[in-house]
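Convention: sequence-line order gives letters A, B, ...; per-chain numbering from 1.
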Protein chains: 2
Amino acid sequence: MKNKVVVVDDHTLLLEAIGGLVRDFENFEVLYLCKNGQELLEKLKFPKNIPDIVLMDINMPLLNGIETTKALNEKYPQIKVIALSVEENEKTILKMLRAGAKGYLMKDTKKEILKEALNQVVEKGYYHTNTISKLLIGSLTKDETAVQLKEREVEFIEHACTEMTYKEIAEKMFLSPKTIEGYRDSIYEKLNLKNRIGLVLYAIRNGLFTP
Amino acid sequence: MKNKVVVVDDHTLLLEAIGGLVRDFENFEVLYLCKNGQELLEKLKFPKNIPDIVLMDINMPLLNGIETTKALNEKYPQIKVIALSVEENEKTILKMLRAGAKGYLMKDTKKEILKEALNQVVEKGYYHTNTISKLLIGSLTKDETAVQLKEREVEFIEHACTEMTYKEIAEKMFLSPKTIEGYRDSIYEKLNLKNRIGLVLYAIRNGLFTP
DNA sequence: GAAAAAAAGGGGTAAAACCCCCATGCATTT
DNA sequence: AAATGCATGGGGGTTTTACCCCTTTTTTTC
């Protein structure tokens, strides 16, 4: 019995191409392909559509890789997710692993490594490269969870990533400029930032804002 | 006689996967795969390695797609380049077309479209989707070339994409703060920006700075 | 229901950013 | 020789940010 694989990626070309690669591996078969997380969750409502492994991109519209992985881990814990991404961003990788991904592959992976990863996930239940393992060890020492942004603060950060002044942002969010300054100050403290430029860079690097 | 295709992309998985797709098309064969522009130029030194079509990614280390395409157009004008990218950035697309690319495909393209593009490039010498055609028409009216940043201004912009104050940037560039302000003001005018946030976003969106 | 935490708003000061308009020196062009 | 372009630096002003420390109101928690 071949292991059933589903590939999820919004870039159709990449999606079909990776599907093609997996189809070439002897002990794997491609069940179907999805363009985003929402499409996958729809499909999974039918038991015949439940795969053994999901190869999942992280940056997707509608429902991204992290949220989708979380959902899968709750509803279908038997499905093993391997993240697939060009993102080398440490925090993103960690978020994905926390969401329950069993492996993480950079997109500059060789065909053989993909096969190896698929096989290891089937046999051992996980696949981690050296890079990822080191990251995991590092994450134990750092207290990442301490930084928790409020809903309204995230909203403010998105507005801060434009040419608007704080006064204008305040108007847009129906708040006093002073409240906005309050948000800013508490964010600066939490994230150890010096000025708005730093905030913008933080937002971009952590996916809160896409330029 | 099959048309010879070379794929250039730094993401190995994508590289191999696209190679696989092209291999499946009847009238095309994959000569070889490259991880960046430099590797391609090395290969081309041997006449037997000269393909009919190059499928080229834009963002690559060592020698990016735009520079590589320029080089190809000078030395091997018979080779037709099709750009392949996730970038939807207008300016990047235009740069690539100006460099001499005969076609431009987003990575969310279907397998059939890729085949269609390859065939059209062989037959007509070019392949442009509606989106690209509209862009081309638009570019004729706008005088994009007017905006020309000086060497030193670009250097300043890179520093502006950090938490440094202008005073600190001035020290780092061995200039008076007033000179820095001069750079800033002329850049704001040229690029129609309101403040430093806008500058940072411009820099990121146009590849002057990678966060 | 009281205590604690958070969200929202405020005052004041100093620094940074922004915006004009101007001067010098130096190379290239005409 | 005059003109142009450009890099560099400056004066003096306003606006916007940053950074203090503080109060009131709402929400959460025990």
Side-chain angles (χ1 to χ4, degrees), chain A residues 143-211, chain B residues 91 142-211:
Chain A
D143 192 338
E144 294 279 349
T145 49
V147 179
Q148 190 76 318
L149 292 171
K150 314 286 170 215
E151 201 62 27
R152 210 71 171 141
E153 286 175 343
V154 172
E155 207 177 313
F156 156 70
I157 290 179
E158 284 160 15
H159 285 113
C161 294
T162 71
E163 287 191 333
M164 279 191 282
T165 65
Y166 290 135
K167 209 196 282 183
E168 288 166 343
I169 295 173
E171 278 171 32
K172 203 144 219 172
M173 289 178 69
F174 304 106
L175 292 172
S176 144
K178 276 298 179 180
T179 307
I180 292 297
E181 290 193 30
Y183 288 166
R184 179 199 59 194
D185 292 348
S186 80
I187 292 170
Y188 280 8
E189 226 224 303
K190 277 194 248 185
L191 304 177
N192 212 266
L193 302 172
K194 279 191 181 58
N195 52 40
R196 196 165 152 182
I197 306 298
L199 178 58
V200 171
L201 295 176
Y202 174 89
I204 292 170
R205 290 200 254 253
N206 289 277
L208 270 69
F209 177 79
T210 312
Chain B
K91 282 179 190 165
K142 277 181 249 165
D143 193 348
E144 291 282 346
T145 49
V147 179
Q148 192 77 316
L149 292 171
K150 315 286 171 210
E151 202 64 27
R152 208 75 169 138
E153 286 175 344
V154 173
E155 207 177 313
F156 157 70
I157 291 179
E158 284 161 14
H159 284 115
C161 293
T162 70
E163 287 191 333
M164 278 190 284
T165 65
Y166 290 136
K167 210 197 284 183
E168 288 166 344
I169 295 173
E171 279 171 31
K172 203 144 218 172
M173 289 178 69
F174 303 107
L175 291 171
S176 143
K178 276 296 178 180
T179 307
I180 292 297
E181 289 195 34
Y183 287 166
R184 180 201 57 197
D185 291 348
S186 79
I187 292 170
Y188 280 9
E189 227 225 302
K190 275 193 249 188
L191 303 178
N192 212 266
L193 301 171
K194 277 192 183 57
N195 53 41
R196 195 165 154 184
I197 306 299
L199 178 58
V200 171
L201 295 177
Y202 173 89
I204 292 170
R205 290 200 254 253
N206 289 277
L208 271 68
F209 176 78
T210 313

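Of the candidates dA7(D), dG9(C), dC18(C), the closest approach to any side-chain atom of Tyr166(B) belongs to dC18(C). Listed nucleotides dG10(C), dC20(C), dC20(D) differ in distance to Asp185(A); the shortest reach to its side chain belongs to dC20(D). Candidate nucleotides dG9(C), dG9(D), dA18(D) were compared by shortest atom distance to the side chain of Leu175(B), and dG9(D) ranks first. Nearest to the side chain of Arg184(B), among dC19(C), dA18(D), dG9(D), sits dC19(C). For Arg196(A), taking side-chain heavy atoms from C-beta onward, the closest of the listed nucleotides dT17(D), dC18(C), dA16(C) is dT17(D).
One finds a side-chain N or O of Tyr188(B) lying less than 4.0 angstrom from the OP1 or OP2 phosphate oxygen of dC18(C). Phosphate contact (OP1/OP2 of dA7(D), side-chain N/O of Lys150(B), threshold under 4.0 Å): absent.
The CD1-C1' distance, from Ile187(A) to dA7(C), rounds to 13 Å in whole Å. What separates CE of Met164(B) from P of dA18(D) is a distance of 16 Å, to the nearest Å. Atoms CD1 (Ile197(B)) and C1' (dA18(D)) sit 13 Å apart, rounded to a whole Å. When the P atom of dC19(D) is taken as reference, atom CG of Asn192(A) falls 11 Å away, rounded to whole Å. Rounded to whole Å, the distance from CD on Glu181(B) to C1' on dT15(D) is 13 Å. If you measure from atom NZ of Lys167(B) to atom C1' of dC18(C), you get 16 Å, rounded to the nearest angstrom. The distance from atom CG of Leu193(B) to atom P of dC18(C) is 10 Å, rounded to the nearest whole Å. Rounded to an integer number of Å, the gap from CD1 of Ile180(A) to P of dG9(C) is 9 Å.
In this structure, Asn195(B) and Phe174(B) both approach DNA chain D, and ranking their closest nucleotides by distance from the 5' end singles out Phe174(B). The 5' end of DNA chain D is approached more closely, in terms of each residue's nearest nucleotide, by Lys178(B) than by the other of Lys178(B) and Thr165(A).
When all heavy atoms of Tyr188(B) and Asn195(B) are compared, the closest pair comes out as OH-C, 3.0 Å.
Across all strands, Thr179(B) comes closer than 4.0 Å to base atoms (heavy-atom distances).
Of the inter-residue distances, the one linking Arg196(B) atom CZ with Leu201(B) atom CG reads 12.5 Å to the nearest 0.5 angstrom.
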Counting only pairs under 3.5 Å, give me each side-chain donor-acceptor contact of residues 159-166 of chain B, with atom names and distances, residues two or more places apart or in other chains.
from: His159(B); atom 1: ND1; to: Glu155(B); atom 2: O; distance (Å): 3.2
from: Thr162(B); atom 1: OG1; to: His159(B); atom 2: O; distance (Å): 2.8
from: Thr162(B); atom 1: OG1; to: Met164(B); atom 2: N; distance (Å): 3.1
from: Glu163(B); atom 1: OE2; to: Lys194(A); atom 2: N; distance (Å): 3.0
from: Thr165(B); atom 1: OG1; to: Lys167(B); atom 2: N; distance (Å): 3.4
from: Thr165(B); atom 1: OG1; to: Glu168(B); atom 2: N; distance (Å): 3.2

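Side-chain atoms of Glu153(B) come within 3.5 Å of backbone N or O of Lys150(B) as a donor-acceptor pair.
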Exercise for review: Just do the side chain to side chain contact (heavy atoms under 4.5 Å, CB included) check on Ile180(A) and Phe156(A) with the steps written out, would you?
Suggested key: CA-CA 8 Å; Ile180(A) 292 297; Phe156(A) 156 70; 3.6 Å; yes
